[in-house]
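A note on names: the letters A, B, ... follow the listed sequences, proteins ahead of strands, and every chain is numbered from 1.
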Amino acid sequence: MSIAAGRAPVLEVSDLNVTFGSGTDAVRAVRGVDYSIAPGEVLGIVGESGSGKSVTSLAVMGLLPDDARVSGSVRLHGQELIGRRDKEMTRLRGKAISMVFQDPLSALTPVYTVGDQIAEAVRIHQDVSRDKAARRAVELLDLVGIPSPEQRARAFPHEFSGGMRQRAMIAMAIANDPDVIICDEPTTALDVTIQAQVLEVLKTAQTETGAGIVMITHDLGVVAGFVDRVLVMYAGRPVEKGLVDDVYYRPRMPYTMGLLGSIPRLDTGDREPLVPIEGNPPSMSALPPGCPFEPRCPLSIPECEAGEPPLIPVPGEGHSAACIRTQTIENRGLTPRDVFKAGPAGAVARGDRAGRPTVLMVDRLVKHYPLMKGAVFKRRVGTVHAVDGVSFDIREGETLGLVGESGSGKTTTLMEILRLAPPQSGRVVVLGRDTAKLGRNDRMAIRRDMQVVFQDPLASLDPRLTVQDILAEPLTTHGLEVGSRVRELLGLVGLDASFASRYPQEFSGGQRQRIGIARALALEPRLIVLDEPVSALDVSIQAGVINLLESLKIRLGLSYLFVAHDLAVVRHIAERVAVMYLGWIAEIGAVRDVYDTPAHPYTQSLLSAIPLPDPRKERERRRILLEGDLPSPADPPRGCRFHTRCPKFKSLPEAQRALCVDQEPELRPLGGDQAAACHYAERLEVV
Amino acid sequence: MLKFLLRRLANYVLLVVIATSLAYLLAASTLDPRANYEGRSPRPPEAVVDARLSELNLNDKVPLIQRFGTWAGDVVTGDFGRTWEGNSVNQEITRRVGVTLRLLVLGVLLGSVLGVFAGAYAAVKQYGWFDHGATLVSFLILSIPTVVIAVLLQIAAVAFNEATGTRFFQYTGEYTPGLQGGLLTHLGDRLQHLVLPTLTLALSQIAVYSRYQRNMMLDVMNADFVRTARAKGLTRRAALVRHALRTALIPAVTYFAFTFGALLVGTTFTEKIYGWHGMGELLVNSIYSNDVNSVAAVSCFAAVAVLIAALLSDVLHAALDPRVRVG
């Protein structure tokens, strides 16, 4: 902890301001950011979208567009960077300060090989021959853990997986042994198991270069175990900063408390309700005169509107918060749960499952896509085993979470269910009706009872329809009276009835998703299928939507099929969970059993890869790291599909391994409501 | 990759056969070579005309399908038949093809290269004076047909020559007949004749490409990988040229195949106006003189030219974009 204390800082940012545009519609994206980092220190900058955290780092790099006006001071080794000519900055970029960007797919130039792009970074700053730079690129790829780096250096970015591209980005960033590495959401676009790998690589990179790292993220979990100090940003300003333990265990700014309270957690024993922050972040072009968080803050008093509070010191080394009520929080010992109104407690499954009717039954469902080649004479060259024998059922009033990494087949499963057509193989029974035996009218009738909510709330709402039209459409399609139903629906999802005349673009992400939910509710369905409904939302907004879904379920007696990649979210909303891997179910059972004592090695590694927003626990945790990427569903491994990456398989004696390679395991019940498809399933506590 | 290109080539040859056959059938069923004889005085006896037309495979009393068979049989052996006056179409084409290709190749190269650079520069200086100027000029050129541009350039050249009292711009024919002097004089003379027609063709190409390239470049300029390149320490110029422009060239190359057809049409008019004896002029003249075999031959040339452009487009695309290279 604070290993760097006393050493001279490498990077000092003070009173940094960035403004875009001018006049009345000027957007003050960054307002008075201060921080400094010492060599080997890791600073986490945390904030939601639009809080100015990325703009801050681009300002430090001098990479903002020309219309941005930057003021304040950025000093590298004591040398001022603001106001320098671009030519001078060019010499520092990539050498003294380097950067790792968020989306590894678009951040690499598609037309050059990965090796060439890394070698280019070397050659810009070092006077070395082409050959030597190429050799250095291979060394760097090896360092960041790319297998057979010599060959992979000659591959193009599109031939790399997301995790490998991010490793290549890191290799590029450390190519010239920089003093500061700025990582802008480096793991946000990646699956959890890959995220865990990339964080490990970043740690290696830090030990290798001894650089100070600025880690920008919206995910308080990611930074908890990785950083020394934290800076929380809201509306372009730092609102709290301090040592990681102080900020996580003793937050003093209500916004930080809200952020911490709204994260769904894996480690909370029983399903405690999430505490959402009401409202939305303010518009950066028309900030209110007072504290920008005041409109959303449950602790606000009239004085809060008077002026924006500066960062004031609170107990703890270098700990400060921008709030005039820190004293009150201190004295009363308030926790996030006290400050923010908690949502409803998660409904624990009522009584006996077996006694309740089944609303959805999927039995050995199969969906294979042919891989075709040729333009005129098509021929089949392979098969993508997208879904390969998936079985589960959902009882009335129950939520089943379907989780898995991208490419595991969860969306295909969902689409097969929604299609209401005979599957290639297996059975889908919706509300007691087998989809193979449905006529046109039956299908229409069942659609009334089964509705869907999509991931991207903007893309799934017609931009040319008003909310009124969007919500009335399902009703008129099914020949129902619209009447006052739209008002009712808006009330149901916590929106104002006056919103009915507006268009989807006028709403924030969370509000749009509420409209999407209202649309799904219009026909009073019994089963709602949700495809990653909260993954596009900020945490503080996400918590509100999860709570809404929870309370709707209880009030309206709904059943949910909840598809998500985030296991923590699923823990909060679901009673049962099914974990998918490469088109089949690895483990299924009651949330409490599966999360507390996962039995399948895949579930175990998934759960252990998820970071906890708890610095102490994070530092002590031992991760089960999975190697490599998901195999291609066009060529799934023989026997148990997971055996190529399975940590358990590696620890088995040779004689026992044969079973995994030769025989595909069936889902075996393990007592209680839990079953795992593993020959050597063994319950284990990992969180 | 070679296999893929060969398969493409086979497809293209099939297309050329279809296009040329259709052109022949259309020409043979609508043009009327007999009219050329009927207008003469004294009018030749019908039997003589029939004999002559049959000899040239132009007799409309012979069923179309039979004429097509004869024509196709000859074409397969590389003989495009004879003009209505009895000359060899092959000879006529050999004489003219070089003239047209010179115009086409220069027009394409000049047009696409200048267009791409103008577009890329306009994108880099978005909303600057160059960008606004280029936008205005491009749309002006795009809205004027090539014929009019050719005539306007001629008028401007005349005005320039008169004002300076020189004969710098030459606007009829491809060289001055009976010019005395060495190789250099001849070369210079040819260049003087070449400037205006090439410019006529290139201008509209520049206009099209600069618009297209500007959009492509704008899409790519703010891409994450350009930011990565800058973060590595490349200067803005190097990042824009090496990463942005290089990537934005890919769609422009596919565009090449599409614009080539329009360019061919432009060549036809340009040749006619500047008095160049090329394929375009031949097409116009032979339609005028009901010369079925020449029309079919020029159509075949056009089809081959367009398809070579398409093939070139494929090759360039594969060369520029590793994502489309096939095993």
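Here the side chains of B/Thr235 and A/Lys87 are not in contact, with every heavy-atom distance at 4.5 Å or above. In this structure, the side chains of B/Phe225 and A/Ser106 stay at 4.5 Å or more apart for every pair of heavy atoms.
The part of A/Leu108 that comes within reach of chain B is its backbone (N, CA, C, O), which places non-hydrogen atoms under 4.5 angstrom from that chain. For A/Leu58, the part lying under 4.5 angstrom from a heavy atom of chain B is the side chain only. Only the side chain of A/Met169 has a heavy atom closer than 4.5 Å to any heavy atom of chain B. For a residue to count as touching a neighbouring chain, one of its non-hydrogen atoms must lie under 4.5 Å from one of that chain's; by this rule A/Gln117 touches chain B with backbone and side chain alike.
Under a 4.0 Å N-O distance rule, the pair A/Asp86/B/Arg237 does not qualify as a salt bridge.
Contact count against chain A (heavy-atom pairs under 4.5 Å) is highest for B/Gly233 among B/Gly233, B/Ala244, B/Ala238. Chain B forms more heavy-atom pairs under 4.5 Å with one residue of A/Ala107, A/Gly62, A/Gly94 than with any other, namely A/Ala107. Of the listed residues B/Asp321, B/Ile250, B/Leu234, the one with more heavy-atom pairs under 4.5 angstrom with chain A than any other is B/Leu234. Among A/Met172, A/Glu159, A/Gln102, A/Glu120, the residue making the largest number of heavy-atom pairs under 4.5 Å with chain B is A/Glu120.
Atom CG of B/Leu6 sits in a crowded spot, with more than 12 heavy atoms from other residues, nucleotides or ligands closer than 6.0 Å.
Partner A/Val111 forms a side chain to side chain contact (heavy atoms under 4.5 Å, CB included) with one of B/His243, B/Arg246, B/Arg242 and no other, that one being B/Arg246.
A/His125 places a side-chain N or O within donor-acceptor distance of the main-chain N or O of B/Lys232, the cut-off being under 3.5 Å.
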